[in-house]
Structure formats: C-alpha cells, structure tokens
Amino acid sequence: MKRLSRPAVLLAIAAAAMVLVVLPRLWIELQWFQQFELGPVVLKRWGLQFLALVLVLGIGIPVQLNQLQRCWKLRRRDPAYRGESMFMPLRSWGLLVSLVVALGLLSTATSYLFVQALGLLQEPFSGIVLSSFPVLGSLPLPLVLGIAAVLLVFLLRWPLTTLRISLSLSILASATALARAWSFWLPAILASPFGEGDPVTGIDLSFTVLRLPAFQLVLSVLMAQGLVGLSACFWLCLSQGNTLSDWRFAGFNRQQQAVLRPQLAVLALVAALMASLAPFELMVQSHGVVAGAGWVDLHLRLPLRLLLSLVLLTMLFSLLLPLPQRRRLLLPVSITALLLPIAEVIAAPLVQKLLVQPRELQMERPYLKRMIRGTRQAFDLNRMRVRTLNPKQQLTAADLEQSPGTIDNIRLWDTQPLLEANAQLQQLRLVYDFWSAAVDRYQLSDDLSRGRQQVMVAAREIDVTALPASSRTWLNQHLVFTHGFGFTVSPVNSWGPDGLPEYFVKDLGRNSVVQGLPDLDVTTAQATAAFPIGKPELYYGASPSLYAVAPSKVREFNYPDGEENIYSHYSGEGGLPIGHPLQRLLAAAYLREPRLLFGGSLRQDSRLLLRRQVQERLDAIAPFLTFESQPYLVTTRVPAVDGYRAQQHQYWLLDGFTSSRSYPYSAANPSGLRYFRNPVKVVVDALNGRVWIYVMDPHDPVLRTWRNAFPEMFRPLESMPLALRDHLLVPKTQFQVQAERLLRFHVTDVRSFYNGDDVWAIPKEIYGSKQVDVRPYHVTLQLPGKDTPEFVLLLPFTPLRRPNMVSWLAARNTVADYGQLRLWRFPQQRLLLGPQQISALIEQDPEISRQFGLWNREGSRVLQGNLLVIPMGEGLLYVEPIYLQARSGGIPTLVKVIVTDGRRFVMDDDLDSALQKLVAS
C-alpha cells in the first residue's frame, strides 16, 4: 500500500475541516440571510473579504518569501570575501545595536499585525484604526518582548525556517486584517459626497470621513509588513558567515545592497504617503484648545510633515535610480528624514507655549470658529431652533386651564417601580421576565385635542436561565420554553386605591384582560381597539435568547392557566427548515450539537430559530450600523402589505445610527465619535423575526454610502405602515449624544466659547435614595406657543457647577415634525430652580421631611421618582412621584405626589388635589 506524503495528509485534513466546519457555517449563514431576501448581501460581503484575503496572500507571500530567499542565497560563507564593494562595516557595540534593531523591528511590526488582525476580528466595525507611529505606544510590551525572545532563540538555530514562518504568519495577519477591514475600504471606494469641502484643503468632506481611515489602515499594514520583510533580510545579512562568532560584520556587498534597496524604497514610498496625509490627519486630532488643526498644526506641523514627505520621495528616487554618488545623497537625506519628526516633537510644544499661548484667543480664533461650526454640523445641532422663555415663578389656575393636555398625561410611574410591580403581579411563572418597559403613546380618545394617552408597554419574555439547574435540560431550553407571551400596558398617570399600577392590558392567555379605565375616560371598547392582542407569542425579543427548534413533536410551553400549563406549536414562518436529514446535519455541525442528528423530537416542518434577540439579529444583518441598546414593543393593526401579516400585531421598533471618528474640526464626544446621526428605523416581527429597515434620513452621506453598497437592504420611510410610523420615537441615545455636545457647543461666539463662562451641565436629582444625573424623559405637553399637546423627549440643563436651571431641550416625535430639536433658554439674570435644588428643598420641607422619616422607620423605605420639569402655561411645574416599598422587597406603591412651582411645595395623595392646593395660595 502506497504511503501518503505529508502534504497530501495536510491537504486531506484541511479539506475535512472545510467540510465539517466551514461549509456548514457558510450554508446556514446563507440560508439565514435568504429568509430576509438578503442572500446577495452576504454573498457580496464574503466575496469582498475573500478577494482581499486572496489578493494579499497571493501577492504578499510570493514577493516576501522570494525576497527572503534571495537574501539567504547571498549570505557570505567566507568572512574573507574580497573583490566586492563593502558598506557599513560594524564591530562590537555597533553590530550588537544593529542586531537588536533588526530583532526589535521584526517583533514590533509582527506584534502590530497580530494586534490589528485580532482587533478587526473582534470588532471590525468599531471605527478604531491602529495607524501611524502613535500605535507603538498602544502595543502590549509583554507581547513585543515575548515575540522577540521566541524569535531570538529560533533565529540563532534555524534562521531561514524561522523567518519563513514569521513572514508567512505576518502576511496571513495582514490578509486577515485587510479582509476584515472591508468596513473601512468599501465605504472608501463607494464614498458618497458630502457636498462641502474641508476648511484646509477644500477637498470634499467624504475624503476625511470615509476615505482617510482606509488609507491610514492600509498604509500602516503595508509599513508593518515592509518592516517585517526588511528586518528579516537585515538579520540574515548581519548573521552571515562567522559574523556572530567573530563579532565583526564586514559590510553589505553589492548584491545584498541591490536586494535591500527596493525594500527600503517601498518603505520610503509608504512613509511618504503617510506623511502626505498630514492635512487630513491634523483636522481630526487635538493638540491644544482646538479640536482639529490649530495655528501650530498649520504653521509648523503641516509644513514639517509635507517636507518629510518630499524628503522621503527624494530618498525613494535615490534608492531606485542608478546614481553615481548614491551614498553622498542618501546620507544627508536619511539624516534629514530622521531629524524632521524629532524637530516636530521638540519645536511644536515650544512654539505653542512661547508664541501661541500668550495670544491664544487672537491666534486660534479662526480655528476655534471652525471647531464650533464643525462640531455642531457633525452632531446635527445646526437645525436646532432656539427660543427664549421667561417663565413666571408662580403658577396660577389660569396656567392649569391653558394646559389640559399636559396635565392629563403627566407621568407618575417610572420604569423601575413599574417593572418591579410587574415582576410580582404579572410575571406569573418563573421562566417569564419583564426585561424592559418603554414609554409610548396610543390614541384612545376620539377627542384629538386631548392628545394620545401616554402608556408604558412591557413585554413578558422568556428567560430559560431562571429554570432550576436540574430542569435546565437541552429539551427544555430549546424545544419547550421557546417564547414569551403577551405584554402589559399601563397608563403613566393612574394608579389604583392600593397604590399599585393600573392596566389597560394585563394577565395573559384565556384570562387576558383588555379593559378601559373610567378615571381616564377610556372605555373598554376604546382600549380593545387601541391594543390588539391576537396571538401574542414573542419568539423574538429584547432579552438574550438561545436558539429554538420549533415546531417539533414536543409541545411548547405557551402560558399558564391557573394551575395548568397551556402548550402549543410554533405557527410562524421564521427560521430555517431542518426537516431534511442533510439540513439537520448542517445545523448540527453549525451549532456543534449532535442531538439535532438523533433527536426523534423533530418533525418535517421543524425550523431552527437563530439570533432571536433583536439587537443580535440586526448586528448580523447591518454590522456597519450601531443600534439602540433597547428596542420597544408596539402592538397595532398593520395591513397585509410588504411582508406584513394582518393577523400579527406585535412588532419591535429600533433605531440605527451612523457614526465616524474622523469628521474634520469636530470635537470628539466621550466615546471618541466626531459624527453621529440617526438615519435608520427598524421593525422586527415578534413572531416571525422578519426585519424591515427604513431610511429616515436619506441625506446622511454615510448612510448613502452604505446604500450604494447594499441597496437591497433599505426601504424608504414612506413605505412603512402608518400604524407603525405613529409610534416612532426619537431615540434616547441620539438625544443624549446631542445633549452632551450641546453642553459646550450651544455657544457660537468664539470669545465666549474660549472663556468657558457659559458651559452647561446635566443636572442632578434624587432618584430612589441616591443622587444621579437626570436622564431624558418622555412627556406629553403643550410646547410654549402651541395649543395641542404632543409627545416630546425632554432634558433640562444647569450651568456648570451651579444648580439653577438655565434651559431645556426638547425633541419632537410627531410624524410631521419628527426629530426637530427645540432649545428654550431662560434669561440668565433670572434664578430658576434646577432639579438638584428642588430635590434638596423637598427634603428640607418640614412636613415632607417628617413624613419621609415616619415611613422610613416603619419597615419601609421611601423611593423618590423622576423629578419632571414641565412647562405649564406661563410658568414651570416640578412633579415628583413618591413610592413606598417594604424593606423586605415588597411591591413599590405610589403613595404621594409632590408638586411645586419653586415657590411652594405641596405633597398630596393625587396630582389633581396637589395642583389645586398649589395654585390656591
């Protein structure tokens, strides 16, 4: 029997691994995308990555290994080699330093390539580029030293084999990094213009925002790969013959110089290109008071870097052209190339300190102006409308009469107390969990002037981790407890006699209750029309979920009915079919779950439901977008168009964002982002998992670029059913990002901005029993100058290190005015109390403080809810709900409501009574 060669065995092993691991994964992933009719999208992605991988490997490995082999062949075996031109003879310490430099360059460049590849494998869409010289400081020193130590041991014994392996691995890392970096170079290729030039070069902003990161990444990888190849050849030359034993290096002969020159030339070219990007890199860096290129950047750093680029190009031509006096030209050029970066490092801080800082405002004024304009534009603050509001310090009965829509929807239930109440009143089984509650609004009254009723919707989702350990079997986790069921709907402004929340929708299954609330003038018929139930089986949701196999021969837990459990089978259309034996084999290999092969529980129509958490689902479909951390559930009637089903009523809504770290002259936020927009709305069917991605802002250049790449993924907003459009909300993430930038960039006057005498802050409040930052909150109110109430997202501001209130920001949510920002500023000469001051005054009020003390001593604890600041007529109203909870973990109950206009504090059993007492005096 003929024995197989080693290459044949390795090839057979690789083929088997391909069949057992790669092919099942590719097939399942392709089928998963096909269910959304997005098969071409994933094939395009794979094709792009495969093309990049093949190009880098196909070009890099032959070129680098061939160069290494040439260096190996030219190694001197005889130290007395004569008749050749020698260059750079080295002895003793000079040879040692050269060897250390060669080894250091090899280990550092290799470490960079591995770190870059690993980072892009883990987070290819983070937007972070490890590029240029600053990356050296971020490399893990133990990794660099460890690689150097391992290389040194093997280089002394097997130099050629060690370097071949090192080069091959580094090229593989380079190929992996550039393949995974399609999120950088694909938008660079398809970049959609911004229609505006940057302030320094006049080139369209798309170059800096979309193309610069790709150039930085590619050039940095090429530089590292070039250094690996050069240092490998350099080491072979230095260690030739008896060099290490005699501790003397005679120099490079002509053939060796001919091999090394092209490598040095390539490095010079790459370095010149990196230096030539200085105008764009400086616009997204900060070296002083300016986020972007300031006076020193444009008058010192930029000329030095452009001069460096010219010097490096001169070096390039000197290395490639057959010049008679090459050494005489190369020496001063090389010294100049080394001295220019050193000169920048030394001179720039000195010029900044001695020349610029004494006249900083005067010299940096035009660049500060650019920064203010760039930041406001990058975070979409320019469209914000600013108004001045001069509220009275005292509310009157006339103010209340002018704001009936506001009073009818003042939110008294916060998310956390409601979820705790739901957990004890509506969870009903251990495996259920109320993961979150979202504030929304529904039309319950025929009187449109009253506005829509503000409610909290909380989905009852499945949580198999809550099962006892003995019951956490594979069958239970994947075939039995497959889905959540139902939801609760609670008004934000109503509670029962016992202080517990009231419900428009509660319980579940055959005992589900949809009811009106007479106190709110809502009939059962109106509630039934507003909150359709249908079959509210939640197979896809906001909580982390394992894969499920459904339907199967095993009955799925649906909901409890008294002491009994009601079971069902999946009736949706989501998931991948696994009824055929080959489909099961592929699914088993993909999930590494052999029980799928031998499970007698599967049926011919069984389907595999993957990525059932909404965020995980969308991260797989559109990884180039970031998404809101928390989707919210909507229940509504949707016509049977564009893949929607008339009998399905529960949908998850979620927002998608585009961002960039390289917008010119934009000050980065705490997350390092210099550009942030919300151009995408997503709908996910809670039963079938179907996904619809709608374009909210077709003018966003970053999104336009991705639409150029994947046009089949996006739909126009006009095609979204109106029943769902009525529930669109301005996302809190976007609002918080804009609010954070507004703290300083509400100032447009350069002098005031530089002086920093008008910086705002997010106010503090007492929530529960702790002091926390005020978070944006939804309220239904009549905006100043408006007669009808509308649903807005609101956040007040205070001056930095002062607690009084200076302004508040509102984002509108109506279909016609969606996303419009309104900033109401208060006169600075007025002292309006901020949330922190109101919280302190509440605790100082003798009657309120005495009541809090009594409650806290009687086995209970007082929980102070969100303090709402609401415009009311011509004044401001502060409202804070008070909850009481047993220290042993009882249900939070709403016991009191505190209202104030900053002048008088009233605590009463209900809002109406408190308001009447407030305006009576």
Side-chain angles (χ1 to χ4, degrees), residues 193-209 212 277-303 305 348-349 351-388 659-670 672-677 701 737-761 797 799-800 806-807 809 821 823 825 828:
F194 279 61
E196 181 180 353
D198 70 63
V200 174
T201 68
I203 295 176
D204 191 88
L205 293 175
S206 59
F207 183 90
T208 309
V209 176
L212 177 63
L277 294 176
F280 310 99
E281 290 181 336
L282 291 173
M283 284 189 288
V284 295
Q285 295 174 356
S286 300
H287 295 105
V289 296
V290 181
W295 193 94
V296 173
D297 295 311
L298 294 181
H299 292 81
L300 181 64
R301 288 190 175 94
L302 180 58
R305 294 187 190 182
V351 173
Q352 181 75 37
K353 184 175 183 179
L354 300 178
L355 179 63
V356 175
Q357 286 185 359
R359 299 181 298 160
E360 194 165 49
L361 176 58
Q362 178 185 347
M363 299 182 72
E364 300 285 20
R365 177 181 289 274
Y367 314 113
L368 286 168
K369 187 175 181 179
R370 290 178 183 179
M371 179 182 68
I372 295 170
R373 180 179 181 275
T375 304
R376 289 176 62 88
Q377 186 168 309
F379 291 93
D380 204 20
L381 299 179
N382 284 333
R383 294 191 300 168
M384 176 182 63
R385 298 183 182 179
V386 182
R387 298 287 186 271
T388 299
S659 60
S660 172
R661 296 176 180 270
S662 58
Y663 193 95
Y665 280 103
S666 175
N669 74 352
L673 300 179
R674 299 178 185 271
Y675 178 92
F676 195 83
R677 296 294 171 88
V737 167
Q738 291 178 309
E740 187 276 330
R741 292 290 79 192
L742 197 64
L743 298 179
R744 190 164 186 214
F745 289 92
H746 66 277
V747 178
T748 56
D749 178 72
V750 175
R751 178 175 290 277
S752 296
F753 183 91
Y754 177 80
N755 292 337
D757 57 356
D758 190 17
V759 179
W760 295 347
F797 296 114
L800 185 64
V806 69
S807 65
L809 179 69
L821 293 180
L823 179 67
R825 303 192 61 164
Q828 295 193 12

With sequence neighbours left out, what residues match D198 under salt bridge (Lys or Arg N to Asp or Glu O under 4.0 Å)? none

Hey, is the main chain of V209 close enough, under 3.5 Å, to the side chain of R674 for a donor-acceptor pair? no

Do the side chains of R383 and L821 get nearer than 4.5 Å, heavy atoms only? no

Test side-chain contact (heavy atoms from CB on, under 4.5 Å) on V351 and H299; report intermediate values, then the result. CA-CA 10 Å; V351 173; H299 292 81; over 6 Å; no

Counting heavy atoms not belonging to R751, are there more than 12 under 6.0 Å from its CZ? no

Measure across L298 and P303 and return the closest heavy-atom pair with its distance rounded to 0.1 Å. O-CD, 3.5 Å

Heavy-atom pair with the smallest gap, counting every atom of A291 and S286: CA-OG, 3.4 Å

To the nearest 0.5 Å, how far apart are CZ in R305 and CG in L282? 4.5 Å

Set out, in order, the CA-CA distance, both residues' side-chain angles and the distance that settles side-chain contact (heavy atoms from CB on, under 4.5 Å) for R376 and T748, then state yes or no. CA-CA 9 Å; R376 289 176 62 88; T748 56; 3.9 Å; yes

CZ on R677 to CD on Q738, rounded to 0.5 Å: 8.5 Å

What residues, two or more places apart in sequence or in another chain, satisfy side chain to side chain donor-acceptor pair (under 3.5 Å) together with R661? none

Partners of R373 by salt bridge (Lys or Arg N to Asp or Glu O under 4.0 Å), sequence neighbours excluded? E196

A378 versus Y663, closest heavy-atom pair with distance: CB-CD2, 3.7 Å

Just how far is it from atom CD of E281 to atom CG of D297, taken to the nearest 0.5 Å? 11.5 Å

Could you give the distance from CG (D749) to CG (L368), rounded to the nearest 0.5 Å? 11.0 Å

To the nearest 0.5 Å, tell me how far F753 CZ sits from K369 NZ. 14.0 Å

With sequence neighbours excluded, what pairs up with D204 under the salt bridge (Lys or Arg N to Asp or Glu O under 4.0 Å) test? none

Do F797 and L823 come close enough that some side-chain heavy atom pair is under 4.5 Å? yes

If every non-hydrogen atom of F379 is compared with every non-hydrogen atom of L673, which pair is closest and at what distance? CZ-O, 3.4 Å

Stepwise, does the side-chain contact (heavy atoms from CB on, under 4.5 Å) test hold for V386 with H746? CA-CA 10 Å; V386 182; H746 66 277; over 6 Å; no

Partner set under salt bridge (Lys or Arg N to Asp or Glu O under 4.0 Å) for D758, not counting sequence neighbours: R825

How long is the gap from NE2 on H287 to CD on Q285, to the nearest 0.5 Å? 4.5 Å

W295 and side chain to side chain contact (heavy atoms under 4.5 Å, CB included): which single residue from Q362, R365, M363, Q352 fits? M363

Smallest separation among heavy atoms of L277 and L212, with atom names: CD1-CD1, 4.2 Å

Using only atom types and a distance under 3.5 Å, with no angle test, would you say the side chain of Q377 pairs donor to acceptor with the backbone of N382? no

Closest approach of P199 to Y665 (non-hydrogen atoms, all atoms of both residues): CG-CD1, 3.7 Å

Between S660 and Y675, is there a donor-acceptor pair closer than 3.5 Å when you use the side chain of the first and the backbone of the second? no

Could you tell me which residues satisfy side chain to side chain donor-acceptor pair (under 3.5 Å) with T208, sequence neighbours excluded, listed by chain and number? none

Steps toward side-chain contact (heavy atoms from CB on, under 4.5 Å) verdict (L381, R741): CA-CA 9 Å; L381 299 179; R741 292 290 79 192; 4.2 Å; yes

